[in-house]
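Residue numbers count from 1 along this sequence.
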Amino acid sequence: MRHRTTEAVFDYFNHLRAGRAAPMRTEIDPAALKTVLPDLFILERGRDGIVRFRLAGTRVCFILGQEVRNREFAEAWEPSARHKIKLAADTVLANQNALEIAVETTADDEESFALEMLLLPLYSQKDKCDRIFGSLVAIEPGLTIEPYPRLLLPSDLAFVPVDAGVSGKRPYLVDREPQTVVASGFGGLVNRITHLRVFEGGKRN
């Protein structure tokens with residue numbers, strides 16, 4: 001893991017997991033991750049088997065250049081990578097694995113920049129692992145991110161042992177490296193919980 005936000009989220013996940021395969025979605029406490037909330041998202045696998053965005057932090061939306069309400073997770077990626085990404089997300093849920101993805105962006109008239117994504121399994125019920133807790137961060141400190149439409153391209157995928165890197169010292173409570181987001185108006189009705197966006201019309205469980 002190259003970015004300390006990724007490490008902080010991973011350690012927080014392991015702190016909640018406490019030896020289990022994965023924690024419950026209801027155990028996620030935004031206050032414990034307040035410095036990195038803009039970089040976080042939650043995915044949900046629907047009854048149709050499709051994994052979609054349920055929550056997304058403001059910087060995640062700006063990186064993708066649009067609101068992601070009910071958007072299929074695979075559609076955020078280049079078409080050539082979508083099948084691989086679908087299989088990877090399904091594996092995270094089926095095997096309760098952690099997945100780290102090195103990512104490059106693609107957009108018209110813009111140089112690509114490097115990102116790091118982390119996908120972690122969550123249970124919505126004791127016997128139902130159908131949520132993914134994730135983070136998406138730019139590797140370059142202080143990078144100015146404008147909300148242009150972008151697609152993601154994976155350059156490397158690595159499943160990580162869930163016990164790796166646990167420090168036991170609550171390292172997720174850290175200051176975040178500065179990163180600039182250039183705001184632009186996004187439409188759509190949203191309720192804001194700190195830096196997370198909860199889109200209307202979704203399930204509340």
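- Transitive grouping of hydrophobic side chains (ILVMFWY, heavy atoms separated by less than 4.5 Å) brings F159 and V103 into a common cluster.
- By the 4.5 Å heavy-atom criterion applied to side chains, L115 and T105 are counted as neighbours.
- Under the 4.5 Å side-chain criterion, counting only non-hydrogen atoms from C-beta, V60 is not in contact with I63.
- Taking 4.5 Å as the limit, some side-chain heavy atom of I85 sits within range of a side-chain heavy atom of P154.
- C61 contributes atom SG, which lies 10.5 Å from atom CG of L136 (distance to the nearest 0.5 angstrom).
- Remark: D11 CG to R4 CZ distance equals 13.5 Å, nearest 0.5 Å.
- Between atom NE2 of residue H3 and atom CE of residue M117 there is a gap of 14.0 Å, rounded to the nearest 0.5 Å.
- Evaluation of the side chain to side chain donor-acceptor pair (under 3.5 Å) test over residues 74-85, restricted to residues two or more places apart or in two chains, returns E78-T106.
- Residues V160 and L40 fall within the same hydrophobic cluster, defined by Ile, Leu, Val, Met, Phe, Trp and Tyr side chains chained together at heavy-atom separations under 4.5 Å.
- Remark: the E116 side chain and the T6 side chain contain an N/O donor-acceptor pair separated by less than 3.5 Å.
- Counting heavy atoms from C-beta outward, I28 and Y12 have side chains that approach closer than 4.5 Å.
- When side chains are defined from C-beta on, R150 counts as touching F113, because their heavy atoms get closer than 4.5 Å.
- Although no hydrogens or angles enter the test, the distance criterion places no donor-acceptor pair under 3.5 Å between the side chain of R131 and the main chain of C129.
- Residues L153 and I101 do not share a hydrophobic cluster, defined by chaining ILVMFWY side chains whose heavy atoms lie under 4.5 Å apart.
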How far apart are the C-alpha atoms of L64 and L152, what are their side-chain angles, what is the distance that settles it, and do they pass the side chain to side chain contact (heavy atoms under 4.5 Å, CB included) test? CA-CA 8 Å; L64 297 176; L152 307 178; 4.0 Å; yes
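- Looking at heavy atoms from C-beta onward, N70 lies out of side-chain contact with F53 at the 4.5 angstrom threshold.
- Residues A76 and R71 approach most closely at CA-NH2, 3.6 Å, considering heavy atoms.
- Without hydrogens or angle criteria, R17 side chain to R20 main chain gives a donor-acceptor distance under 3.5 Å.
- When all heavy atoms of F10 and A98 are compared, the closest pair comes out as CE1-CB, 3.8 Å.
- In this structure, the side chains of F73 and V51 come closer than 4.5 Å at one or more pairs of heavy atoms.
- Each of V92, L120, L122, L99 was compared with I132 under the side-chain contact (heavy atoms from CB on, under 4.5 Å) criterion, and only V92 meets it.
- Listed by chain and number, the residues in a salt bridge (Lys or Arg N to Asp or Glu O under 4.0 Å) with D48 are R52 (sequence neighbours excluded).
- Taking CD of E104 as the start and OG of S112 as the end, the distance is 4.5 Å to the nearest 0.5 Å.
- The OG atom of S135 lies 11.5 Å from the CZ atom of R59; values are rounded to the nearest 0.5 Å.
- Y123 belongs to a hydrophobic cluster with M24, counting contacts under 4.5 Å between side-chain heavy atoms of Ile, Leu, Val, Met, Phe, Trp and Tyr, direct or through other members.
- Between P121 and F13, some side-chain heavy-atom pair lies under the 4.5 Å cut-off.
- Between the CG atom in L43 and the CG atom in L119 there is a gap of 6.5 Å [rounded to 0.5 Å].
- S124 and D130 share a side-chain donor-acceptor pair at under 3.5 Å.
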